[in-house]
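Worksheet for the structure shown next.
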Amino acid sequence: MALALAAVAHLTSAPGPPSNGLPGSTRSQIAAAANSRYVDLVADRSQRQRAEEANPVTQAASGREWRSVNAIGCTRGLLPAAPDVDGLCDDGLPSVYVMQCDPADWQLPRWRSYRDPGASAWSPWEQVDYGTCPADRVPAMTAEDFRRLPLPAPTLVMQPEGDWVLVNIETIVRTDPTPVVLTTDLLGYQVEVEARPAVFAYNFGDGSEPLVTRDPGSAWPDFTTHHVYERPGQASITLTTTWTGRYRLVGTDDWLDVAGTARTTTTGPAFRIEERTSRLVADLCTDRPTPPDC
């Protein structure tokens with residue numbers, strides 16, 4: 001129990017990262033000074049936290065399987081600190097954590113690990129935070145978290161429609177800028193994510209520089225995004241969309257920005273680029289049989 005006391009004795013100190021080791025004499029002094037409220041924090045963890053430690057939450061996204069758990073960190077021998085989910089603290093050394101709120105409101109540090117498709121072993125535990133108070137309970141959504149979301153690629157619309165376009169005439173492109181709202185699990189919390197298409201990059205497949213714009217475009221005759229092909233051939237257009245996002249806990253009103261962006265890509269069907277000329281003819285080319293000069 002002395003080690004558990006050492007783990008909580010500094011919980012009211014200034015915020016900062018944990019100290020993963022203390023000399024035995026120092027641990028004893030800290031343990032003697034710890035008051036019963038802090039002892040109870042570790043010795044009598046809530047039923048919810050105990051259940052989480054016994055059965056870590058598992059998340060699956062884009063083939064990679066994630067699990068997370070709230071637990072005190074412990075170090076055994078030369079191994080790095082890991083969550084106390086397999087008795088590490090029984091013969092190891094607990095980390096010392098700090099907080100700025102009442103012990104009853106403090107949530108144990110969060111850890112996560114992953115397992116890729118086909119793998120049998122989980123990755124080493126990664127510490128996400130040092131414990132949270134109610135004011136900072138919302139975990140940070142990283143760019144990696146954001147990119148794992150199933151964002152739908154915006155529709156690519158081309159005018160004129162069909163399987164051919166003309167050289168030296170505008171080929172119009174546009175897309176749908178409607179935001180997408182998704183609900184996902186973020187380190188055990190249900191969060192609502194609003195993803196917004198922010199930048200559109202069109203590759204026209206003819207070797208020209210891509211058109212990069214924040215304008216989703218408009219239909220003819222009020223079009224604002226287009227490309228002019230200069231020579232006959234064949235091409236297809238690829239649209240790469242950069243998304244920004246914000247998120248919040250389900251049922252709350254405060255939005256937080258996602259720390260990073262995500263991208264989606266869609267490619268339209270191939271089409272011909274044709275060069276056509278006009279000339280005067282004696283009769284209508286719709287006549288049957290077709291006139292020889294058509």
Before giving the answer on side chain to side chain contact (heavy atoms under 4.5 Å, CB included), spell out for R196 and E194 the whole-Å C-alpha distance, their side-chain angles and the decisive distance to 0.1 Å.
CA-CA 7 Å; R196 185 179 297 275; E194 182 186 78; 3.4 Å; yes
Given the rule in the side chain to side chain contact (heavy atoms under 4.5 Å, CB included) test, do D185 and V191 qualify, once you have shown the distances and angles that lead to the verdict?
CA-CA 6 Å; D185 183 281; V191 295; over 6 Å; no
Kindly determine whether L149 and V193 satisfy side chain to side chain contact (heavy atoms under 4.5 Å, CB included), including the steps that lead there.
CA-CA 9 Å; L149 295 177; V193 183; 3.8 Å; yes
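Under the salt bridge (Lys or Arg N to Asp or Glu O under 4.0 Å) criterion, D163 pairs with R272, sequence neighbours left out.
The CG atom of N168 lies 7.0 Å from the CD atom of E275; values are rounded to the nearest 0.5 Å. Expressed to the nearest 0.5 Å, how far OG1 of T184 lies from CD of Q190 amounts to 7.5 Å. From D215, atom CG reaches atom OG1 of T175 across 11.0 Å, with rounding to the nearest 0.5 Å. Taking CG from L239 and CZ from F204, the interatomic distance works out to 9.5 Å, rounded to the nearest 0.5 Å. To the nearest 0.5 Å, atoms NE2 (H226) and OH (Y202) are separated by 12.5 Å. Distance check: T171 OG1 to I237 CD1 gives 6.5 Å after rounding to the nearest 0.5 Å.
Under the side chain to side chain donor-acceptor pair (under 3.5 Å) test applied with S113, the options E126, E65, R67 reduce to a single match, R67. For the side chain to side chain donor-acceptor pair (under 3.5 Å) criterion with T267, the lone passing option out of T240, N203, T238 is T238.
A salt bridge links R112 with D145: the distance from a Lys NZ or Arg NE/NH1/NH2 to an Asp or Glu carboxylate oxygen falls below 4.0 Å.
Annotation for P109 and Q127: closest pair CB-NE2, 4.0 Å, computed over non-hydrogen atoms. The minimum heavy-atom distance between P197 and T241, with the atom names listed, is CB-CG2, 3.8 Å. Shown here for A198 and T244, the closest heavy-atom pair between the two residues is CB-CG2, 3.9 Å. The nearest pair of heavy atoms linking L108 to A71 is CB-N, 3.9 Å.
One hydrophobic cluster, built from ILVMFWY side chains closer than 4.5 Å, cannot hold both V165 and F223; they sit in different ones. Taken together through direct or relayed side-chain contacts under 4.5 Å among Ile, Leu, Val, Met, Phe, Trp and Tyr, V167 and I172 form parts of separate hydrophobic clusters. When the side chains of ILVMFWY residues are joined at heavy-atom separations under 4.5 Å, either directly or via intervening members, L166 and F271 end up in two distinct hydrophobic clusters. Follow the hydrophobic side-chain contacts under 4.5 Å out from V199 and you never reach F146; the two are in separate clusters.
At a cut-off of 3.5 Å, with distance as the only test, a side-chain donor of D176 or T178 sits close to an acceptor on the other residue. Side-chain contact check for D206 and S208: at least one donor-acceptor pair (N or O, by modelled atom type) lies under 3.5 Å. Side-chain contact, W243 with T264: a donor N or O sits under 3.5 Å from an acceptor N or O.
The backbone N or O of T286 lies less than 3.5 Å from a partner atom in the side chain of R288, making a donor-acceptor pair. Listed for the Y247 side chain is a donor-acceptor partner under 3.5 Å among the backbone atoms of M141. Between the side chain of R147 and the backbone N or O of T261, at least one donor-acceptor pair lies under 3.5 Å. Checking side-chain atoms of D84 against main-chain N and O of C89 turns up a donor-acceptor pair under 3.5 Å.
A 6.0 Å sphere centred on CD of E230 holds no more than 12 heavy atoms belonging to other residues, nucleotides or ligands. The number of heavy-atom neighbours closer than 6.0 Å to CH2 of W220, taken from other residues, nucleotides and ligands shown, is 12 or below.
Within the 4.5 Å cutoff, side-chain heavy atoms of V228 are placed close to those of E170. Residues W125 and P83 meet the side-chain proximity criterion, which asks for heavy atoms closer than 4.5 Å.
Figure legend: cation-pi geometry between R276 and W164, with NZ or CZ positioned under 6.0 Å from the six-membered ring centre and within 45° of its axis.
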